[in-house]
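Predicted model only: the values in this text are computed from it and were never measured. Reminder, nothing fancy here: chain letters follow the sequence lines and each chain counts from 1.
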Number of protein chains: 2
Amino acid sequence: MARTNRELDRDQKREEILRAARELFLEHGYEGTSMQRLAARVKVAPNTLYWYFADKDALLIGVMKRVVQAGLGEYERRRGTALDAQVRWMLGLFWETRTLIATVHNRAQVSSEVRAWHDTAHRMIEKAIEAELRSRGLANGHEVAAARIMSFIAEGVVAHQSSKAEQTRIVRLLMHLLRLDVDDGALR
Amino acid sequence: MARTNRELDRDQKREEILRAARELFLEHGYEGTSMQRLAARVKVAPNTLYWYFADKDALLIGVMKRVVQAGLGEYERRRGTALDAQVRWMLGLFWETRTLIATVHNRAQVSSEVRAWHDTAHRMIEKAIEAELRSRGLANGHEVAAARIMSFIAEGVVAHQSSKAEQTRIVRLLMHLLRLDVDDGALR
DNA sequence: ACCTGAACACCGTTCAAGT
DNA sequence: ACCTGAACACCGTTCAAGT
């Protein structure tokens, strides 16, 4: 549908704010980034941010949407890569945004908007994992639970700052359990 | 060693504060409990709390220490219970304190004291799971990774508010994977 | 050693006023 | 519709002063 210049301007400004928020959230954390500071970065008065976003949580959701979208896009482009590379890439992605993941879990306790977004995002990510498992020949009727388990493990691994070595051990055991036989060398 | 009355008094007061903090944290959350409010509950001035605890994070650690201690104590008393009952009990315990678990993960990003306590507690809990796995005949050399995986899944299950039905599905699949054969009825 | 009243330096958010 | 300066109602924490 046709959008007016007004709407385009507004979208551009929103994007500019989200870009700055993403940077600051990743560098100083959500709680370490005051609306004051964000406003200064975008060169507006603090209260102007509220013209574009309902509250700070809406800003968090906006940032996370972009992060997850970018991740799923990159995943599409990597279709068909070797399993071990794929797992390592996913863990790396979670790792980069681990502080934001912890923040989302924390805010989801308080904000129903954050919780709603979190649940939807989880569903999308798990669907992708399920499809991946099926295409790899693990269609044994447990894909849904398996995908959820894998997402929990991925979150656990990054939340607990497991070392590379430990990540390898955990992933290898999981692969073994899922009978996705992978040669030890590939994951080391 | 002998403790003076002074020290006993001090310990009692500390316990009283921790008891109140535990109640308030569980009811209104960590961020939803101001030092002001806690002080009012204990009937002291807000700044008095700082005579007993370095900061709010120290209060969180104090509360969590009691929670984990109580949990491990209860676990000792339940030694030898059926596996499915044990798993369900553990998930229930995590469930009751899920908001505090999310808070610890969030604060661990910022406070090195919280992070240090968190790591120690995880180690203790995982040691218990490892011992349990061994006593159940899963000493295949992967107990350490398996215990860590189980703790991640437990955290994931409660953090994501999985339904009872889903918990059952996940636990059953995990048990199956670990070849800890358990009859389907027991977990339903 | 223990406790307090008052203040400090923030915080997210709102409001009345401008264009 | 968009933006602002100023204020509001908090927050965790500190400080000087009391006993």
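Distance A:D9 CG to D:dC3 P: 9 Å, rounded to the nearest Å. Following rounding to the nearest Å, A:E31 (CD) and D:dG12 (P) show an atom-to-atom distance of 12 Å. In this structure, NZ of B:K13 is placed 16 Å from P of C:dA1, rounded to the nearest angstrom. Atom CG of A:D55 and atom P of C:dT13 are 5 Å apart (whole Å). Atom NZ of B:K56 and atom P of D:dT14 are 14 Å apart (whole Å). Rounded to a whole Å, the CH2 atom of B:W51 is 14 Å from the C1' atom of D:dT14. The interatomic distance linking A:R107 (CZ) with C:dG12 (P) rounds to 10 Å, in whole Å. For the pair B:Y50 OH and C:dC2 C1', the interatomic distance rounds to 17 Å; values are reported in whole Å.
Under the 4.0 Å criterion applied to side-chain N and carboxylate O atoms, A:E74 and A:R77 are assigned as salt-bridge partners. Ion pair B:K127/B:E130 flagged as a salt bridge, since at least one NZ, NE, NH1 or NH2 atom sits closer than 4.0 Å to an Asp/Glu carboxylate oxygen. In summary, B:D119 and B:R123 do not engage in a salt bridge, as defined by a charged side-chain N under 4.0 Å from a carboxylate O.
If you check every strand for non-hydrogen atoms under 4.0 Å, B:F53 touches nothing. The residue B:S34 sits close only to the backbone: its heavy atoms come under 4.0 Å of sugar-phosphate atoms, none of a base.
Pair assignment for D:dA1: C:dT19, on the basis of Watson-Crick or G-U wobble contacts that are both within less than 3.5 Å. C:dA7 is paired with D:dT13 under the Watson-Crick or G-U wobble criterion, all donor-acceptor distances under 3.5 Å.
Side-chain proximity of B:A45 to C:dG12, D:dC2, C:dT4: nearest is C:dT4. Nearest nucleotide to the B:T48 side chain, out of D:dT13, C:dT4, C:dC11: C:dT4.
In this structure, a donor-acceptor pair under 3.5 Å is present between the side chains of A:E155 and A:H122. Under the 3.5 Å distance criterion, with hydrogens and angles disregarded, no donor-acceptor pair is assigned to the side chains of B:E166 and B:H160.
Contact annotation: B:Y52 reaches the phosphate of C:dC3 (side-chain N/O to OP1 or OP2, under 4.0 Å). For A:R10, no side-chain nitrogen or oxygen approaches OP1 or OP2 of D:dA1 to under 4.0 Å.
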